[in-house]
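First comes the structure, then the notes that go with it.
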Amino acid sequence: QVQLVESGGGLVQAGGSLRLSCAASGRTFGIYFMAWFRQAPGKEREFVAAIRWSGGMTYYQDSVKGRFGISRDNVKNTVYLQMNSLKSEDTAVYFCAARSTTWISRDAYEYGYWGQGTQVTVSS
């Protein structure tokens with residue numbers, strides 16, 4: 001089993017920045033991809049960004065390219081999401097997820113491990 005714990009959410013004004021963290025523990029040697037998803041009220045959970053644990057290749061949703069950056073610290077078993085130039089439409093609960101297969105997926109149902117989520121609210 002893998003446990004994921006997110007932190008770093010909060011309230012920020014439009015144009016501001018936040019950094020989310022996701023600490024992984026347990027059987028982390030089986031993880032190939034870590035990802036961030038988000039879910040706004042009344043909407044489906046959507047892919048934000050992902051990173052390959054080995055090698056660091058990154059993937060982004062088009063709407064966050066150039067504003068968000070995903071990175072990882074293999075020693076700390078932690079993934080980060082740096083969010084800059086935040087917009088009101090970025091408001092959502094952000095979830096960290098882990099996947100133990102070797103190909104990337106942007107579908108939430110293909111991730112087997114999830115954190116509890118952290119709220120990000122961007123005020124306009």
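Reckoned from all heavy atoms, side chains included, excluding hydrogens, waters and symmetry mates.
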For Ala14 and Ser124 the tightest heavy-atom approach is CB-CA, 4.2 Å

Distance, nearest 0.5 Å, that separates CH2 of Trp114 from CD of Glu6:
9.5 Å

Distance in Å, Ile70 CD1 paired with Gln82 CD, rounded so as to fall on 0.5 Å steps
12.0 Å

Could you check whether Arg45 makes a cation-pi contact with Phe95, meaning its NZ or CZ is under 6.0 Å from the centre of the six-membered ring and within 45° of the ring axis?
yes

Taken to the nearest 0.5 Å, the spacing of Gln39 CD from Glu46 CD works out to 9.5 Å

Is any side-chain heavy atom of Asp90 less than 4.5 Å from a side-chain heavy atom of Arg67?
yes

For the hydrophobic clusters of this structure (ILVMFWY residues joined by side-chain heavy atoms under 4.5 Å, transitively), does one cluster hold both Ile104 and Met57?
yes

Using a 4.5 Å cut-off on heavy atoms from C-beta on, say whether the side chain of Gln119 contacts that of Thr91.
yes

Same apolar cluster (I L V M F W Y, side chains within < 4.5 Å links), Met34/Phe47
no

Just checking, Arg99 and Phe33: is the charged tip under 6.0 Å from the six-membered ring centre and within 45° of the axis?
no

Is it the case that more than 12 heavy atoms not belonging to Tyr32 sit under 6.0 Å from its OH atom?
no

Counting neighbours of CD on Gln116 that are heavy atoms of other residues, nucleotides or ligands and sit closer than 6.0 Å, is the number greater than 12?
yes

Does any part of the side chain of Tyr111, heavy atoms only, come nearer than 4.5 Å to the side chain of Phe37, both counted from C-beta?
yes

Mind listing the closest non-hydrogen atom pair of Ala92 and Ala40 along with its distance?
CB-N, 3.8 Å

Look up atom CZ in Arg52 and atom OG1 in Thr102, then write down how far apart they are to the nearest 0.5 Å.
6.5 Å

Residue pair Val64 / Arg38, side-chain heavy-atom distance below 4.5 Å:
yes

Is Asn77 close to Ile31 at the side-chain level, that is, under 4.5 Å between some pair of heavy atoms?
no

Hydrophobic cluster membership, Leu4 vs Val93, 4.5 Å side-chain cutoff
no

Between the main-chain N or O of Glu110 and the side-chain N or O of Asp107, is there a donor-acceptor pair closer than 3.5 Å?
no

Ser17 to Ser85 - nearest heavy-atom pair and separation:
OG-N, 4.4 Å

Can you tell me how far apart CG (Leu20) and CH2 (Trp36) are? Round to the nearest 0.5 Å.
4.5 Å

Cluster check Val12, Tyr80: I/L/V/M/F/W/Y, side chain < 4.5 angstrom:
no

Are any of the side-chain heavy atoms of Val79 and Trp53 separated by less than 4.5 Å?
yes

Find the distance between OG1 (Thr58) and CZ (Phe68) and round it off to the nearest 0.5 Å.
14.0 Å

